[in-house]
Student: 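Could you have a look at this structure, given as structure tokens, before my questions?
Everything numeric here is computed off the predicted structure, so don't read it as measured data.
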There are 2 protein chains.
Amino acid sequence: MTTRTSTDGARDIPEATVARLPVYLRALVTLADQGTTTCSSEELATAAGVNSAKLRKDLSYLGSYGTRGVGYDVEYLRYQIARQIGVTQDWPVVIVGIGNLGHALANFSGFRSRGFRVVALLDADEHRHGETVAGVDVRPFDDLDRMVREHGVAIGVIATPAAAAQDVADRMVACGIRSILNFAPIVLAVPDDVDVRKVDLSIELQILAYHEQRKANGADAVVPSVVPESVEQGSTARGGAA
Amino acid sequence: MTTRTSTDGARDIPEATVARLPVYLRALVTLADQGTTTCSSEELATAAGVNSAKLRKDLSYLGSYGTRGVGYDVEYLRYQIARQIGVTQDWPVVIVGIGNLGHALANFSGFRSRGFRVVALLDADEHRHGETVAGVDVRPFDDLDRMVREHGVAIGVIATPAAAAQDVADRMVACGIRSILNFAPIVLAVPDDVDVRKVDLSIELQILAYHEQRKANGADAVVPSVVPESVEQGSTARGGAA
DNA sequence: TAGATTGTTAATCGATTAACAATC
DNA sequence: TAGATTGTTAATCGATTAACAATC
């Protein structure tokens with residue numbers, strides 16, 4: 001392995017920063033679409049929903065792409081961020097599980113516009129085979145291997161029910177996929193060198209519910225602390241929640 | 001406002017912990033379904049995909065629900081976490097935007113099983129009105145007010161295209177909704193007392209792409225540093241990325 | 001009692017923020 | 001030059017982790 005030869009100062013970008021770069025990228029695209037050619041860190045930060053100190057700190061990990069006293073060139077910064085994230089190149093993606101969610105994902109324009117190309121739709125249910133979604137045929141799950149090889153797929157999306165997800169992940173890993181976006185509500189077990197990101201709809205709602213409950217209970221107890229009989233403590237647990 | 005009278009020691013639970021409680025809850029449900037009645041922090045942590053130190057620290061914010069030398073009673077801990085999150089109560093939810101994603105959300109069983117009840121499906125497109133999804137009629141967006149009042153909706157889900165999302169959010173806020181789950185790829189502007197959580201599919205893929213690119217480039221430069229003519233710097237930017 | 005495991009402490013690590021010197 | 005804004009420093013804050021005393 002040769003030493004890296006990046007031309008900018010970027011070495012290790014903190015995870016929190018990596019997660020915000022796509023937000024900045026989107027804000028820059030919006031600004032460009034509006035005809036804005038230059039923006040300050042303050043303007044870009046507002047568009048991205050963060051404060052300007054954080055924005056400048058984040059951008060400083062990429063290099064020095066602004067001009068003091070002036071701001072940032074929108075197109076230039078946009079390109080630099082896109083390059084760092086890797087969305088200047090083409091990413092072939094496979095989606096497994098073509099239910100409602102799989103359909104939504106296959107049709108999602110935000111993928112294509114950012115270099116993600118859905119090259120295969122796979123489903124274990126043969127009733128779905130032959131259907132075409134967003135111009136791509138739905139094929140048997142067993143075609144995974146071939147699709148990954150033929151198209152050089154590096155990213156897999158799992159949109160199956162929870163019960164099937166681990167199996168799908170195992171097969172993806174066996175095919176050489178090392179980046180997985182998982183929509184199934186289950187913790188996947190994968191080797192260390194495989195990245196899994198999880199999108200969990202019910203967890204997001206539960207986090208909202210927690211905060212909503214706190215808002216609603218400003219004038220009252222945290223929660224009605226009645227332990228229903230069905231969950232009364234087992235032998236090891238202590239006194240009730242009076 | 002009366003002082004809070006919670007019976008446990010829980011006061012302010014850190015955000016990072018709040019985000020993990022639903023994961024623990026799911027792991028406990030899975031364990032219970034398998035017939036497990038007691039588990040150690042180590043077992044539960046493994047099931048949840050975290051380390052046991054973090055799990056115990058997280059649980060310590062809720063109170064003291066384990067037994068030293070023994071572990072946790074699965075049903076009892078499950079109830080305590082559900083109560084803290086607020087999913088022992090019923091949360092009426094409205095979904096706006098009944099495209100593929102809206103359909104997927106309306107049909108998602110993970111909502112109902114955690115106390116989230118979809119009471120209204122709204123769409124601005126009148127071609128969708130009258131359709132029934134998961135047993136709920138699709139109605140005009142203008143019914144929002146009435147639905148929120150009639151059902152006591154506290155949580156709104158936005159599954160519209162980006163262009164419509166801010167409008168929808170404004171209307172939701174005007175109706176008194178203070179918790180929003182947003183699937184539209186746009187930064188929403190809302191008052192301070194409104195919680196917005198964002199699920200952004202293309203951002204998740206971009207984060208994966210960033211890491212995938214780093215893996216692939218172990219033996220090479222970080223990125224092919226060629227600046228295409230179309231994005232050559234404007235007047236303010238400095239030298240090329242040679 | 002001896003063994004096991006929790007709940008908590010304290011150290012470490014990483015992220016955020018404000019402030020300002022550098023500089024266009 | 002004077003005004004504006006970046007890039008960076010240093011302080012603060014919050015999250016993670018390891019270790020262990022408390023205790024079942």
Student: Between K54(B) (NZ) and dT5(C) (P), how many Å, whole number?
Tutor: 22 Å

Student: Within this structure, what is the CD-to-P distance between E15(B) and dA15(D), rounded to whole angstrom?
Tutor: 8 Å

Student: Kindly indicate whether the side chain of L188(A), heavy atoms from C-beta on, has any atom under 4.5 Å from the side chain of Q166(A).
Tutor: yes

Student: How long is the gap from CD on E204(B) to CD1 on I155(A), to the nearest 0.5 Å?
Tutor: 11.5 Å

Student: Looking only at the side chains, is there a donor atom on one of S40(A) and E43(A) sitting less than 3.5 Å from an acceptor on the other?
Tutor: yes

Student: F108(B): which residues meet the ring-ring contact (aromatic ring centres under 6.0 Å, His included) condition with it, sequence neighbours left out?
Tutor: F111(B)

Student: Can you figure out which of dT6(C), dG7(D), dT9(C) approaches the side chain of K57(B) most closely?
Tutor: dT9(C)

Student: May I ask you to evaluate whether T67(B) reaches the phosphate of dT6(C), defined as a side-chain N or O under 4.0 Å from OP1 or OP2?
Tutor: no

Student: Give the dot-bracket line for DNA chain D from 5' end to 3' end: parentheses for intra-strand Watson-Crick or G-U pairs under 3.5 Å, square brackets for crossings, | for inter-strand pairing, dots for unpaired.
Tutor: ..||||||||||||||||||||||

Student: Please report the interatomic distance CD1(I186(A)) to CG(D200(A)), rounded to the nearest 0.5 Å.
Tutor: 11.0 Å

Student: Say whether S202(B) and Q206(B), considering side chains only, have a donor N or O and an acceptor N or O under 3.5 Å apart.
Tutor: yes

Student: Between I81(A) and L59(A), is the side chain to side chain contact (heavy atoms under 4.5 Å, CB included) condition met? List the steps.
Tutor: CA-CA 9 Å; I81(A) 292 179; L59(A) 294 184; 3.9 Å; yes

Student: Can T17(A) and D58(A) be counted as having a side-chain donor-acceptor contact under 3.5 angstrom?
Tutor: yes

Student: Between Y72(A) and dG7(D), does any side-chain N or O lie under 4.0 Å from OP1 or OP2?
Tutor: yes

Student: By nearest nucleotide on DNA chain C, pick out whichever of R56(A) and P14(A) is the more 5' one.
Tutor: P14(A)

Student: In whole Å, I'd like the distance from the CG atom of D73(B) to the P atom of dC24(D).
Tutor: 16 Å

Student: Would you say the side chain of R68(B) and the base of dT23(D) hold a donor-acceptor pair, judged only by whether the two atoms sit under 3.5 Å apart?
Tutor: no

Student: Within this structure, what is the CG-to-P distance between L55(B) and dT5(C), rounded to whole angstrom?
Tutor: 14 Å

Student: Please state how far atom CG in D58(B) lies from atom P in dA18(D), giving the value in whole angstrom units.
Tutor: 15 Å

Student: Just the rounded figure in Å: distance from P of dT6(D) to CG of L59(A).
Tutor: 9 Å

Student: To the nearest 0.5 Å, what is the distance between CZ (R20(B)) and CG (L25(B))?
Tutor: 15.0 Å

Student: Distance check needed: dT6(D) C1' versus Y76(A) OH, whole Å only.
Tutor: 15 Å

Student: For residues 40-53 of chain B, which residues have at least one heavy atom under 4.0 Å from DNA chain C?
Tutor: S40(B), S41(B)

Student: Return the value, rounded to whole Å, for the distance between atom CD of Q80(B) and atom P of dG7(C).
Tutor: 12 Å

